Trainee: 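My questions all concern the structure below.
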Amino acid sequence: MSQRIRIFDTTLRDGEQSPGCSMGPAQKLVMARALAELGVDVIETGFPASSQADRESTDQIARDVGKSVTLATLSRCAEADITACAKAMEHAHKPRIHVFISTSPLHRQFKLGLSREQVLERAVSAVSFAKRYFDDIEFSAEDAIRTEFDFLTEIFAATAAAGAQTLNVPDTVGYTTPDEIRSLFQRLRAAVPGEHLIWSTHCHNDLGLAVANSLAAIEGGARQVECTVNGIGERAGNCAVEELAMVLRVRQAYYEADTGIHSERLVPTSRLLQRLTGMMVQRNKAVVGVNAFAHEAGIHQHGMLKHRETYEIMRPEDVGWPKSELVLGRHSGRAAVSERLRALGFVFEEGEFEHVFNNFKDLTESQRVVTDKDLEELILGSSAVAGQGYRLASMKLGDLGGKARADVELSDPEGNRVTGEAESDGPVAALFEAMAAATGVSLQLESYQVHSIGMGEHARGEASLSVLFEEEELTGIGVSRDIIEASALAWLDVANRVLRRRVAGA
Ligand code: KIV
Ligand code: ZN
């Protein structure tokens, strides 16, 4: 009999708190809908005590997708954190609180300055206090992997007795190995009995073992896996949901376990997250990278033509890769546009879709074909999702013989026209300087790349650039038929992220 593994998705909490992945409430809501559609069992929406933005996004998600899926929020062992979670989740139908405290000797001494007894006491009283507000409680022993086994069993037994039903064993620093974690789960389950308890694994990827360790934890008896889309998360990230779900699907006979993930939603959800955060996955990333199903070598192509399974262990369409990129235009109807938007990860209610469809129609007035990138820009570029920011109105480049000159006109967050001009050695440098003059934002570029998407008459240039802002890397993306315009859009994308950060931090 196949075991049902619960997927606890922490893209919007552990993932979102990592460098380059931050999202505002409107963006988190778009992503939460996609996660619900993907079929995850639990969505961790954030850490309400940490910021107003996390409280706001949790509340919005609870009102919007809170009926269909369990929502969790993170809390330290502090009454104020617990009441912040309760308030933010007032409208959730299936709320869960996720209470955590560090348990390892290193964390007890250097992070908390608490003894074993004090940590135990705080954990138990927090779970008991949380019981006043929540029926569904998860307790995490942060840095569990480096915690003494006897203390780990003691704190799990005590928090379970106080009311926690899910016990999470995080490998906070990505240190464990598959054999080690399999055996740890077996020993913990034997030492802390309780048929009703759900044992959960939360593996970080510092040594590239997050997925392998999560699978080994399942073999040891874990029935919940904490994952993120594209494996985003602190430092090297968390267990990637697309990889874990597909291992369990493709090797179901071996693991005798499966998830509730709708695998054909994996690529659309991954792509949506890349667009929302600006953090692109590597081309050869398993399942969701653009090369994951590309066959270049002649000998492989020959094998594929004879029999697909010579080189493919899963079908691209089963994980949501489209057969071909559909081009929409003036004559495309609601059904075609709606289906295309779903393939890009978007989930709309009926009234909202009408609004998007009208914008699509407007776009077809000015351009003959509307590609996937145009559709993404139509929705994610709208101020409702991207937030207020500068928009490109027009740009002009001139060659001064040995020097380039750029003139730009932008609309500012209040809708006023602002202009900037600059001369420099090359057109892109002049353009960036002109935009810096228009916005008053000066960016120190860490990287700048342009590559082509698609081929032939529909080919587009995608520019991506990153900057360091308060020690955090922020990435911007722009797409256009004209690579200079794509560069301008990428520059504005990142400048707007910097401005939103400044406003949030003010
Ligand atoms: O990595 C970790 O230990 C965490 C906990 C808060 C669960 O993210
Ligand atoms: Zn974590």
Side-chain angles (χ1 to χ4, degrees), residues 6-22 40-51 54 58 70-78 81-82 84-85 96-108 110-112 114 119 122-123 126-127 130 136-147 151-152 155-156 159 164-176 180-181 184-185 188 198-211 213-214 217 222-241 244:
R6 291 166 184 77
I7 296 294
F8 176 112
D9 183 277
T10 184
T11 306
L12 300 179
R13 198 277 298 168
D14 208 321
E16 196 269 340
Q17 75 195 37
S18 65
C21 294
S22 65
V40 306
D41 299 281
V42 184
I43 299 175
E44 189 167 39
T45 60
F47 184 4
S50 73
S51 71
D54 271 24
T58 297
T70 296
L71 299 183
T73 43
L74 187 69
S75 167
R76 287 166 297 200
C77 289
D81 277 31
I82 295 166
C85 289
R96 170 184 296 189
I97 190 162
H98 177 193
V99 178
F100 78 101
I101 193 165
S102 286
T103 52
S104 68
L106 213 63
H107 281 221
R108 290 193 313 258
F110 295 104
K111 180 177 153 188
L112 300 176
L114 295 176
V119 168
R122 282 199 190 187
V127 172
D136 186 351
I137 302 178
E138 169 167 340
F139 172 73
S140 277
E142 190 182 358
D143 204 17
I145 292 295
R146 296 188 296 172
T147 300
F151 184 46
L152 209 50
I155 201 161
F156 279 138
T159 48
Q165 303 95 338
T166 304
L167 301 177
N168 186 35
V169 187
D171 181 13
T172 304
V173 291
Y175 180 74
T176 195
E180 220 170 69
I181 197 169
L184 178 64
F185 271 87
L188 280 171
I198 306 282
W199 288 90
S200 167
T201 185
H202 175 113
C203 294
H204 278 271
N205 203 32
D206 298 65
L207 294 173
L209 289 173
V211 175
N213 286 337
S214 302
R223 292 294 170 260
Q224 173 177 286
V225 180
E226 304 203 349
C227 300
T228 58
V229 174
N230 299 341
I232 65 169
E234 287 285 6
R235 304 178 310 282
N238 289 66
C239 171
V241 66
L244 184 102

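Since we're looking at a predicted model, the values are computed, not measured. Each ligand, and each atom within it, is numbered from 1 in the order the structure gives.
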Trainee: Looking at H202 and E226, would you say the former's side chain and the latter's main chain have a donor-acceptor pair under 3.5 Å?
Mentor: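 No; zero donor-acceptor contacts below 3.5 Å.
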
Trainee: Report yes or no: do T228 and T11 form a side-chain donor-acceptor pair below 3.5 Å?
Mentor: no

Trainee: In chain order, what residues pass the ring pair (Phe, Tyr, Trp, His ring centres under 6.0 Å) check against F8, with sequence neighbours excluded?
Mentor: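 Listed in chain order: H98.
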
Trainee: For ligand 1, run through the N/O pairs with the protein that fall under 3.5 Å and put one pair on each line.
Mentor:
{"unit_1": "ligand 1", "atom_1": "1 (O)", "unit_2": "H202", "atom_2": "NE2", "d": "3.2"}
{"unit_1": "ligand 1", "atom_1": "1 (O)", "unit_2": "H204", "atom_2": "NE2", "d": "3.0"}
{"unit_1": "ligand 1", "atom_1": "3 (O)", "unit_2": "T172", "atom_2": "OG1", "d": "2.6"}
{"unit_1": "ligand 1", "atom_1": "8 (O)", "unit_2": "R13", "atom_2": "NH1", "d": "3.4"}
{"unit_1": "ligand 1", "atom_1": "8 (O)", "unit_2": "R13", "atom_2": "NH2", "d": "3.0"}
{"unit_1": "ligand 1", "atom_1": "8 (O)", "unit_2": "D14", "atom_2": "OD2", "d": "3.0"}
{"unit_1": "ligand 1", "atom_1": "8 (O)", "unit_2": "H202", "atom_2": "NE2", "d": "3.2"}

Trainee: How long is the gap from CH2 on W199 to CG on L167, to the nearest 0.5 Å?
Mentor: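 The CH2 atom of W199 sits 4.5 Å away from the CG atom of L167.
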
Trainee: What's the separation between atom CD1 in I181 and atom OG1 in T201, rounded to the nearest 0.5 Å?
Mentor: 4.0 Å

Trainee: Take L71 and T58 through the test side-chain contact (heavy atoms from CB on, under 4.5 Å) and record every step on the way to the result.
Mentor: CA-CA 9 Å; L71 299 183; T58 297; 5.9 Å; no

Trainee: Can E44 and R96 be counted as an ion pair, charged N to O under 4.0 angstrom?
Mentor: no

Trainee: With sequence neighbours excluded, what pairs up with R122 under the side chain to side chain donor-acceptor pair (under 3.5 Å) test?
Mentor: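 R122 satisfies side chain to side chain donor-acceptor pair (under 3.5 Å) with no other residue.
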
Trainee: Using 2.8 Å as the cut-off, count the protein N, O or S atoms closer than that to the Zn ion (ligand 2).
Mentor: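 Under the 2.8 Å cut-off, the count stands at 3.
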
Trainee: Does a salt bridge link D41 with R6, judged by any charged N lying under 4.0 Å from a carboxylate O?
Mentor: no

